[in-house]
There are 2 protein chains.
Amino acid sequence: MTPVTAAERSDAARNRERLLLAARELIEHGGAASLTMDRLAEHAGVGKGTVFRRFGSRAGLMLTLLNDSEAAFQARFLFGPPPLGPGAAPLERLIAFGAERIAYVVEYGDLVLAAGNASRGRFEVPAAALWNRHVDMLLREGGIDSPEPGLLAGSLNATLDPERLLHLIREHGVTPERLTASWRDLVTRIVTDA
Amino acid sequence: MTPVTAAERSDAARNRERLLLAARELIEHGGAASLTMDRLAEHAGVGKGTVFRRFGSRAGLMLTLLNDSEAAFQARFLFGPPPLGPGAAPLERLIAFGAERIAYVVEYGDLVLAAGNASRGRFEVPAAALWNRHVDMLLREGGIDSPEPGLLAGSLNATLDPERLLHLIREHGVTPERLTASWRDLVTRIVTDA
DNA sequence: AATACAACCGGACTACGGTCCGTTTACTCT
DNA sequence: AGAGTAAACGGACCGTAGTCCGGTTGTATT
């Protein structure tokens, strides 16, 4: 039976697996920064053109690598147990959301950074739009009286920018705990206002 | 009379002037994106090495180009007339600060963007530290009761990230006025809380 | 004026991300 | 099985930021 969308050719599938495997190996070995597209191609035993056709760009590759954990994160705040998932009060969910994002950034640091350096900005990423809608929804549920909750949600998310968070942690010795506390402080002020 | 710090050699001074002039010309002609270090060197009639010794990096060059307007901005919020400068209520000054930053980003868009892509992040910039201290001070003056006003100030400044603002304006058609209103909304909620 | 030296100069060189296009290969249809 | 075709392949090629080092030049000293 022929699929509606053309099936992936077998050599393409094989090369994709090879590339992902090689990428994880290289990153495990020398960190995300050491992964260059040339090295990846060579290590995977494919041509460079193949790498770019598969992933579009270096950032696209990183995004693919993060896909699983990102999907898991999304599932947790969309469908998971409270306080992150539905069931808890909006403010509680907001606090948990930030705390989880911070933990996520800490865990996948370099990868997230490399994924952020996309050619066309780090705001086009579908995930970013989802986070915005989520925070937006929580704000509305929290009953805030803002002219533009969408923009406010975007501002709050900007606060969690990975590059900024990692900079504070790595260069200024700020602990993730303090960042989480600061996030709690921020969103609490906003939601408990009106 | 010999200066305390070694004086700049005359050829160095002459080349710096040439480079800044050439850079402004190139930008005027084709926008900041069209300014490559090779073209700049050629257009200024100097070697490429000279460009990098002078400015360190492309971002450093952009920073130098922005230096005057940045200094003017700083002077305005440090010493200028209210509501941006001293004399107005902290909340008023905070609102004005964001509004001016947004206007600044709109005016110097491409340049600010290019300056932000510094090798070691866009947070090391001395100006950023100054903005943080300024917002921090205004928050304290506003009498907020936060465990870490410094981190809160950093979060607020993250909200004004040029890349984000320009993305909203250029790709999503958000007007600077709406951004300003959103900033006012945000800081008002934070300051009028406690 | 000659000398010495530190600073500066220039452009060849490297590493990297990304593109292009002629060639090869897996699937499909008869 | 054999032919036809669209897709995938690979690596030469390009533009760019940034580095390096042998040669040059301005400046202070005597």
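Since the structure is predicted, the reported quantities are computational estimates derived from the model, not experimental observations. Every chain is numbered from 1, with letters handed out A, B, ... down the list of sequences.
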Summary of protein contacts for nucleotides 9-16 of chain D, nucleotide by nucleotide, where a base hit scores B, a sugar-phosphate-only hit scores S (4.0 Å, heavy atoms): BBB----S
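- Scored by the ring pair (Phe, Tyr, Trp, His ring centres under 6.0 Å) test, B/Y108 finds B/Y104 as partners (sequence neighbours excluded).
- Rounded to whole Å, atom C1' of D/dA17 lies 12 Å from atom CG of B/L61.
- Atom CZ of A/F55 and atom P of D/dA8 are 13 Å apart (whole Å).
- Within 6.0 Å of CD on A/E42 lie no more than 12 heavy atoms contributed by other residues, nucleotides or ligands.
- With rounding to whole Å, B/F52 atom CZ is found 14 Å from C/dA12 atom C1'.
- Distance alone, capped at 3.5 Å, places no donor-acceptor pair between the B/R93 side chain and the B/L138 backbone.
- Checked for salt-bridge contact, B/R54 and B/D11 miss the test: no charged N lies under 4.0 Å from a carboxylate O.
- Ion pairing of B/R24 with B/D68 is absent here, as no side-chain N (NZ or NE/NH1/NH2) approaches a carboxylate O to less than 4.0 Å.
- In this structure, CE of B/M62 is placed 10 Å from P of D/dG18, rounded to the nearest angstrom.
- At least one side-chain nitrogen or oxygen of A/S10 sits closer than 4.0 Å to the OP1 or OP2 atom of C/dC27.
- In this view, A/F55 satisfies the ring pair (Phe, Tyr, Trp, His ring centres under 6.0 Å) rule with no residue, not counting sequence neighbours.
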